[in-house]
Every structure is written in C-alpha cells, then in structure tokens.
Amino acid sequence: MRYLTFALGKGRLAKQTLAAFEKIGITCQEMKDKDTRKLIFVNEDLKLKFFLAKGPDVPTYVEYGAADIGVVGKDTILEEARNIYEVLDLGFGSCRMCVCGPEEAKTLLQHHELIRVATKYPRIAKDYFYNKKHQTVEIIKLNGSIELAPIVGLSEVIVDIVETGSTLRENGLSVLEEVCPLSARMVVNQVSMKMENERITQLIRDLKEVL
Ligand code: PRP
C-alpha cells in the first residue's frame, strides 16, 4: 500500500481537521508536539503522511500531486482556481465572503458606479463584480487588514471574509452585499481520485458520518 499524503492549511483549520480525523481513528501523535520543527508527519500503521502549508499553497500541492488530499477554506479554493476536485464540505470554519464598507457606499453599489474595491481576493472580487453584477470596478489587491482601505480612503468598499462581524462593527463598516458562504473543504488530486478511489471514498464516507 502506498502512502496517502495530506496537505493541511496551517492554523485553526488544521487543528479542527485533525480533531475530525481523530474521530474516525486517524491520529498522528508526532504532529501534536508543539515544539517540533518537523515539516512532515507519518502514521506508519495507516500509511498516511501529513504536512502543514500556507493556506493558498494547499491547492497547489494537491494539483501537482505532491499531496493527494488537502483541507483548505473555500475562499482559497475559489481564489487559487486550481485543477482539483472539491469532495467534501467539512462544515467548520464557516463564514461569508462579503462586500463591505460604510453605509453610504450602498448607493454607489446600487448605481453601478466605477468604484475602487480593496481585497485579498482579486479573483473572487472580479468574478463577483464583472460576471455576476456586471459592474465595472477597479480592484486593488491588499495582503491583510483589508478593513483599513475604506477608512483611510484607499477604496470605497472591500471584498473580505466576515465571521463574527466584530472587525466591521468596531471600524464603523457593515456588510453591504453577500458574495458567497465559505467553510473548510476537502480537495483531492484528480489522478489520486482515480488511483486511490477506494481509500479516498471510504475516508469521505467516514468523515461524513462524524461531521
Ligand atoms: C479576517 C478577515 C477579517 C476578519 C473577520 O482577517 O479578513 O478582517 O478576519 O472576522 P470577524 O468578522 O470575526 O471580525 P484575519 O484576522 O484573518 O487577518 P487579515 O486581516 O490579516 O486577513
């Protein structure tokens, strides 16, 4: 039996994924050691390997087959647009991709004005405004703290993730439009899905039962 390799998006998502895996009897003791500098972890009995990667790199590892399976947010899947299969909604990490800004910006959206949109997700923002809303906008790519943009006058609105809404509230911004719901998803390499179909579909079935 060959190893099945998992790429997990670093952080909270990885922790929740491992907790779900534990429920179906997939454990990786090595990975729990907080002080370890190891990058790849092995479960010899089950012939599984795990590694942690930056979220946006997970679809890349899976597309190229360096990982058979990945767990990553739907936002990243949409933004990276890799050739991979999305096979399961894990349910956790749920939040929304939204157009946000000050209340005054609502009319700019309604009138399809040529506005500036700051975002960490230019592909998602472009798809939403151009293909769904048929509104021409200028998209400005930022790398974090997106809520700053309308406050300091860089853009009229932002496209960003809203979870509890507290970042928006504390900065005098609100949700103006909803783009799509998000959550953690399992993705699979297209060749692995054929070659390791039995093991992967069993894994999906087991996870569905405990989620
Ligand atoms: C995300 C997102 C929002 C915030 C939303 O940012 O970009 O800023 O969380 O969460 P809330 O609705 O619960 O307030 P993150 O903390 O990941 O950092 P970033 O701003 O650097 O992207």
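Atoms within a ligand are numbered from 1 in the order they appear, just like the ligands themselves.
One finds a salt bridge joining E196 and R2 here, because a Lys/Arg side-chain nitrogen approaches an Asp/Glu carboxylate oxygen to under 4.0 Å.
Evaluation of the side chain to side chain donor-acceptor pair (under 3.5 Å) rule for E113 yields no partner, not counting sequence neighbours.
A ring pair (Phe, Tyr, Trp, His ring centres under 6.0 Å) check over residues 7-61, counting only residues at least two apart or in different chains, returns the pairs F6-F21, F6-F50, F51-Y61. Counting only residues at least two apart or in different chains, side-chain hydrogen bond (donor to acceptor under 3.5 Å, both in side chains) contacts with residues 11-25 comprise E22-K32.
Put simply, CD1 on I204 and OG1 on T201 are 6.5 Å apart, with the number rounded to the nearest 0.5 Å. Between atom CG of residue L4 and atom NZ of residue K47 there is a gap of 11.5 Å, rounded to the nearest 0.5 Å.
Pocket lining of ligand 1, defined as residues with a non-hydrogen atom under 4.0 Å away: K120, G144, S145, E147, D160, I161, V162, E163, T164, G165, S166, T167.
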